[in-house]
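Position 1 is the first residue of the sequence, and the numbers go up from there.
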Amino acid sequence: MALMKLTIPAASVLLALSLTGCSTTEQGVQEEIYGTKEPFAAQAIYFVLTDRFVDGDPTNNHEQQGGENPTWELRLNGPDGKFANVGYMGGDLQGVLDNADYIADMGFTAVWLSPVLDNPDEAFTGDEQITYGGQFKDGGKTGYHGYWATNFYKPDEHLVSDSLSYADFTGAMRKKGFKTVFDIVANHGTPSWTMPVDQPGYGELYNADGELVADHMNLAPEALSPQTEPLHAFFHPYPDLVKLSNLNEHNPAVQDYLINSYLYWIEQGADAFRIDTIRHVSHSFWWTMAERIRAEHPGFYMFGESFQYDANFIAQHTQPKNGGIAVLDFPLQKAMVNVFENADSSFAALAEHLYLTHGPYHNPYELTTFYDNHDMARMNASDEGFIDAHNWLFTARGIPVVYQGSEFAFMRGTAEHAGNRNFIGQALLNEQRENPIRQALKAIAEVRKTTPALQRGLQYNLAMESDLAMFYRVLVENGKTQIALVMLNKGDTQVAMTADKFVEAGVWQEQLTGKVAETLNGTLISTVPAHSARVYVRNQPISNPAFTQALLNQMARQ
């Protein structure tokens, strides 16, 4: 088989270094080089839509719940035998805990759960009836997903067990080496109006003592009287998302209700927050919230969902003046789908979305990166496309997030209410342990887990063109240096890739094969198999002052 060759042209060597640009001073002290110092960047996150993962405790299924508006197994039938479901299906915290080793085996160190908060005990009777493949309709649905909270201080009875509270769960997961990401909401409660007859739970909010503190009373937002009716004061008198109540985050009572609930869940073991619909709430609220959370829990990591593909727009949340909250990287997500679903695509399409210099983000290395989730169509890639996506996700900048089932391309290409959120179950997880996508994911995720430079190191691109990508990740701190040279090949044939720019002399160890390579005349040549990666690591100080200066210059422009 013929080998392709990619050669990176050598750069001219800088003749002089400024005093502040030296990595090694006359006393031998190295300048620090990094992408971020955020500790949570060391994590890789597995996202679990809890009700649709594994039923670990059948006693909490509540299959008879809801009376005339049942909540269990509400199937939506589509064409050709396709189906979805908008009722509860049995997944719970016990099911996640039972599979902690399955998740850890893939190299993940954090689990993000969909909200564990209490949701209404009936299916919603208002709005338009949901149908297979439908969007933005809530009629006939339940709160199986957790985002329709009626009490921000109470767990949903379908998720916890008599023997496993949320605090029990986080404690048990921590013993297994996991951090737990808690999913919070601030802009809405439940669907709250258009019901033929007002239903219990819908439009209502209860406090930690179980007392009713807000009630939409099945009234349209414009019909609310927040100035005269105390139970309306939690809401804006205008709509936002579909028929969901629109919480008034400017009301001090609402602020206290929400922020105190977030603090409560941290006390129960939450290690980080994912923030739902962050763009639907004012920056002033998030600044207040972040200040209060971090006053009690310094450095607490949070990332928000602003479902927009405009980097300048979503980056606003990352600025300290707006709370300093990282975001899910939607612009890069869209680019990843375009690249890894299409064999004739180019890595060049990803480079512009990294924003390694002069970008809008406060720090792009602290973003959470992903290619699909529960709110969009699953990636419709080949098995090789998923493998290529994971090789990129676990070596490029950002904190990787993988949605449950994507380790074996579960329901690939399906949208919400068309299979995206279908139940997985224990039997299928057991069957898919040897899936080639999962095996390749396990390998590259383990490399990231054991290579700090891939977690927090500065990314310095060498080439991104066609099926090939090559870049450094460099971490210099606390007197230690680690350089990772990443080579990616998403093509169908093996390729000889040659790096000859800033290649440090000496021995490099490849992390996937364990083999070592020595540089020759300032070059490192490696044959990278089809749909694979090579990650060469060197744990010695940088000897080339021009490389140091290039890295420091990039940091200064970050």
Side-chain angles (χ1 to χ4, degrees), residues 32-45 47 110 112 179 181-187 249 258-259 262 266 270-295 297-336 350-371 373 375 393 396-401 454-459 473 475 554-558:
E32 291 193 331
I33 296 171
Y34 55 88
T36 178
K37 286 183 173 291
E38 168 56 57
F40 208 84
Q43 311 306 319
I45 304 170
F47 170 40
W112 154 25
K179 293 186 181 296
V181 180
F182 192 90
D183 202 322
I184 67 170
V185 184
N187 76 301
E249 77 277 19
L258 293 173
I259 297 172
Y262 307 153
I266 295 175
D271 296 295
F273 287 155
R274 180 267 189 181
I275 302 173
D276 188 58
T277 52
I278 191 172
R279 69 186 180 92
H280 292 265
V281 179
S282 64
H283 290 307
S284 62
F285 173 84
W286 294 123
W287 184 89
T288 299
M289 175 267 206
E291 286 289 298
R292 285 189 54 185
I293 295 294
R294 290 171 179 151
H297 304 278
F300 193 82
Y301 179 73
M302 297 179 270
F303 63 99
E305 176 226 20
S306 181
F307 202 141
Q308 291 283 319
Y309 295 110
D310 180 350
N312 289 297
F313 181 84
I314 69 174
Q316 298 175 66
H317 300 288
T318 70
Q319 302 305 324
K321 66 179 182 180
N322 295 327
I325 297 168
V327 289
L328 285 152
D329 194 345
F330 278 89
L332 184 60
Q333 177 271 327
K334 184 176 182 180
M336 285 185 66
L350 299 178
E352 63 183 291
H353 298 287
L354 291 173
Y355 294 103
L356 301 179
T357 61
H358 300 102
Y361 303 108
H362 183 65
N363 189 323
Y365 293 84
E366 296 170 9
L367 305 187
T368 41
T369 50
F370 67 111
Y371 53 79
N373 65 23
D375 287 328
L393 198 65
R397 72 103 176 106
I399 304 172
V401 180
L454 294 183
Q455 302 164 12
R456 299 186 294 106
L458 191 78
Q459 179 167 341
R473 299 293 303 276
L475 185 64
Q554 180 171 309
M555 278 187 69
R557 301 194 304 272
Q558 184 170 303

S.K.: Please walk me through it: do Ile314 and Arg279 pass side chain to side chain contact (heavy atoms under 4.5 Å, CB included)?
M.R.: CA-CA 8 Å; Ile314 69 174; Arg279 69 186 180 92; over 6 Å; no
S.K.: Please find the pair of heavy atoms, one from Leu354 and one from Pro364, that lie closest to each other, and give the distance.
M.R.: O-CB, 3.7 Å
S.K.: Can you name the one residue among Met555, Arg397, Arg557 that meets side-chain contact (heavy atoms from CB on, under 4.5 Å) with Leu356?
M.R.: Arg397
S.K.: Please report the interatomic distance CG(Asn373) to CG(Leu328), rounded to the nearest 0.5 Å.
M.R.: 7.5 Å
S.K.: With no hydrogens and no angle check, is any side-chain donor or acceptor of Thr357 less than 3.5 Å from a backbone partner on Gln554?
M.R.: no
S.K.: Only counting residues at least two apart or in another chain, list the ones meeting salt bridge (charged side-chain N to carboxylate O under 4.0 Å, His left out) with Lys37.
M.R.: Glu32, Glu477
S.K.: For the pair Glu291 (side chain) and Thr288 (backbone), establish whether a donor and an acceptor sit closer than 3.5 Å, ignoring hydrogens and angles.
M.R.: no
S.K.: Is a side-chain donor-acceptor pair under 3.5 Å present for Asp183 with Trp112?
M.R.: yes
S.K.: Can you name the nearest heavy-atom pair linking Gly299 to Arg294, along with the distance?
M.R.: N-CG, 4.3 Å
S.K.: With heavy-atom distances below 4.5 Å as the criterion, would you say the side chains of Tyr365 and Leu458 are in contact?
M.R.: yes
S.K.: Any chance you could measure Ile399, atom CD1, to Thr369, atom OG1, to the nearest 0.5 Å?
M.R.: 8.0 Å
S.K.: Side chains of Leu332 and Tyr355, heavy atoms from C-beta outward: is any pair under 4.5 Å?
M.R.: no
S.K.: If I take atom CG from residue Asp329 and atom CZ from residue Phe303, how far apart are they, to the nearest 0.5 angstrom?
M.R.: 12.5 Å
S.K.: For the backbone of Pro39 and the side chain of Arg456, can you confirm whether one donor and one acceptor N or O come within less than 3.5 Å of each other?
M.R.: no
S.K.: Of all the heavy-atom pairs spanning Trp286 and Ala186, show the shortest one and how long it is.
M.R.: CH2-CB, 3.5 Å
S.K.: Rounded to the nearest 0.5 Å, what separates atom CD in Gln319 from atom NE2 in His283?
M.R.: 9.5 Å
S.K.: To the closest 0.5 Å, what do you measure between CD1 (Ile293) and CD1 (Ile184)?
M.R.: 7.0 Å
S.K.: Should the pair Arg274-Glu305 be classified as a salt bridge under the 4.0 Å nitrogen-to-oxygen rule?
M.R.: yes
S.K.: If you take all heavy atoms of Val185 and Leu258, which pair is closest and at what distance?
M.R.: O-CD2, 4.1 Å
S.K.: Do Leu350 and Met336 come close enough that some side-chain heavy atom pair is under 4.5 Å?
M.R.: yes
S.K.: How about Thr368 and Phe47: do any of their side-chain heavy atoms sit closer than 4.5 Å?
M.R.: no
S.K.: Testing the basics here: between Gln316 and Asn322, what is the closest heavy-atom pair and its distance to 0.1 Å?
M.R.: O-ND2, 2.8 Å
S.K.: Is a side-chain donor or acceptor of Gln333 paired with a backbone partner of Tyr309 at a separation under 3.5 angstrom?
M.R.: no
S.K.: Is there a donor-acceptor pair closer than 3.5 Å between any side-chain N or O of Tyr301 and the backbone N or O of Glu366?
M.R.: yes
S.K.: Test your reading of the model: is there a side-chain donor-acceptor pair from Tyr361 to the backbone of Asn312, 3.5 Å cut-off?
M.R.: no
S.K.: So how far is it from His317 NE2 to Met302 CE, rounded to the nearest 0.5 Å?
M.R.: 13.0 Å
S.K.: Counting only heavy atoms not in Tyr34, do more than 12 fall under 6.0 Å of its OH?
M.R.: no
S.K.: Considering only heavy atoms from C-beta outward, does the side chain of Phe285 approach that of Ile259 to under 4.5 Å?
M.R.: yes
S.K.: Considering non-hydrogen atoms only, spot the tightest contact between Pro331 and Gln308 and give its length.
M.R.: CD-O, 4.0 Å
S.K.: Judged by atom type as modelled, is there a donor-acceptor pair below 3.5 Å linking the side chain of Gln558 to the main-chain atoms of Asn363?
M.R.: no
